[in-house]
Amino acid sequence: MHELSMTTQIVDSVLEEAKKQDARKVTEVHLVIGKLTFLGIEQVRFSYKILVEDTIMKGSKLIIEEKDGTIECPGCGYKGAIPFEDDPAYHVPIPTLRCPKCGKAAKIIEGNECTIRSIRMLK
Amino acid sequence: MANLKEVVKGEEVTLEIEPGMDILEVNKQLAQKNMELLREDNVRAIDIMGSIGAGKTSLIEKLVQALKQKYRIAVFKGDLTTTIDAERIGRHGVQVLTINTGRECHLDANVVARAVERISLEDIDLLFIENVGNLICPAEFPLGTEKRVVVVSVTEGPYMVVKHPFTFMNADVTVINKKDLAEIMKIDTEQLKKQVKEIKPDVKVAVTNALSGEGVEELIKALEL
């Protein structure tokens, strides 16, 4: 729901870096979006296209890589992909912070980010 | 701190950013600052999230009534445009500040920082921050509070927990509200409780009726207040 404001921040940050580099055009932006964020990839793409319209980013390629959620258990030290509980009573598999090894509550360590990984531009 | 590496190929420059520039990090850092600022003045802050109509304001009213002798309380009230709720809470004799977000779907650490500047932290011990009515977006933006609470009500149907697991992962306490309507709605609150615990084993759950005040003591205990 807040893809437009997030994408505005992304575009602003890219333009700032491009200005520092004295670039005349931005040709490619590579983003990494964690699967535990609430950002819809299609809405980010849609907002991006509109926001870059009157800037040196117009026509640039937007690469979006999705990153899985990772948890770490403070109890037993388990580190790995966020597990899904597949109980037919829930109708859908639901993600859980329950450590698959010891059953204690684990913490999210990856998958909560929305990151600019690289920017390609022309001087 | 991000490490920038320039790869130059003729007139083309590629800026590689390691480990990357996290757009959400700005909010996380501001939230950390808020937390430090609140801790300096020993103010305990609680973020209250949940859908429109879940009962957030009613619960805050009941919490304020029960706790105003014990703590000096202030309330930040996130609202799109009105001050209706602020007036409701203000009747209980505590300081209320409305944060109008316009069209934004959540509060963020920056608007909270600005609101904090407008109150005197030495004069309060407890701060409730009522987020914008929305079960999804606020979870993405920590505000720097000691605890985060999600309020759901049985009138939202039987699937709101399993449909929004990531929201519940971000909460320390979950409230299942409108327990008096559970039977009419054919909702088993024990089942909802089980689902919340399944998603986050260490979460605390309180089942309440914010209008009568039933279960509010349980919530106060869950909040360690």
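Residue numbering restarts at 1 for every chain, and letters A, B, ... go by the order of the sequence lines.
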Does anything in residues 133-156 of chain B reach chain A? List residues with heavy atoms under 4.5 Å apart, or say none. B:Asn134, B:Ile136, B:Cys137, B:Ala139, B:Glu140, B:Phe141
Grab the two heavy atoms, one from B:Met21 and one from A:Ser13, that are nearest each other, plus how far apart they are. SD-CB, 3.8 Å
Give the C-alpha distance, both sets of side-chain angles, the deciding distance and a yes or no for side chain to side chain contact (heavy atoms under 4.5 Å, CB included) between B:Asp202 and A:Lys107. CA-CA 10 Å; B:Asp202 59 346; A:Lys107 300 254 177 282; 4.1 Å; yes
Say you draw a straight line from CZ of B:Phe166 to CG of A:Asn112; how long is it, rounded to the nearest 0.5 Å? 9.5 Å
Can you find a heavy atom in the side chain of B:Ile199 that is under 4.5 Å from one in the side chain of A:Ile94? yes
Got a sec: does the NZ of A:Lys104 have more than 12 other heavy atoms crowding it under 6.0 Å? no
Would you say that more than 12 heavy atoms from the other residues, nucleotides or ligands in this model lie under 6.0 Å from the NZ of A:Lys123, or not? yes
For A:Glu17, salt bridge (Lys or Arg N to Asp or Glu O under 4.0 Å) partners two or more places apart: A:Lys20
Atom CD1 of A:Ile63 with >12 non-hydrogen neighbours under 6.0 angstrom: yes
Taking a cut-off of under 4.5 angstrom between non-hydrogen atoms, the residues of residues 25-50 of chain A near chain B are A:Lys35, A:Leu36, A:Thr37, A:Phe38, A:Leu39
Applying a strict 4.5 Å limit to non-hydrogen atoms, the region of B:Glu6 in contact with chain A is side chain
Measuring only between side-chain heavy atoms, which start at C-beta, is A:Ile82 closer than 4.5 Å to B:Met169? yes
Approximate separation, where rounding is to 0.5 Å, of A:Ser118 OG and B:Ile17 CD1: 7.0 Å
Among A:Met6, A:Arg24, A:Arg98, which has the most heavy-atom pairs under 4.5 Å with chain B? A:Arg98
Looking at side-chain heavy atoms only, is the closest gap between B:Glu18 and A:Arg117 below 4.5 Å? yes
So, taking the atom named CD in B:Glu198 and the one named CG in A:Leu97, what distance separates them when rounded to the nearest 0.5 Å? 10.5 Å
Using non-hydrogen atoms and a 4.5 Å limit, figure out which bit of A:Gln21 sits close to chain B: side chain, backbone, both or neither. side chain
Between A:Ile119, A:Ile108, A:Leu122, A:Ile10, which has the largest tally of heavy atom pairs under 4.5 Å with chain B? A:Ile119
Quick one: pull up CD in A:Glu85 and CD in B:Gln195 and give me the separation to the nearest 0.5 Å. 11.5 Å
Return the OG to CD1 distance between A:Ser5 and B:Ile23, rounded to the nearest 0.5 Å. 11.0 Å
With a 4.5 Å cut-off on side-chain heavy atoms, are A:Glu113 and B:Glu25 touching? no
Under the side-chain hydrogen bond (donor to acceptor under 3.5 Å, both in side chains) definition, can you give me all pairs with a residue in residues 163-174 of chain B, not counting sequence neighbours? none
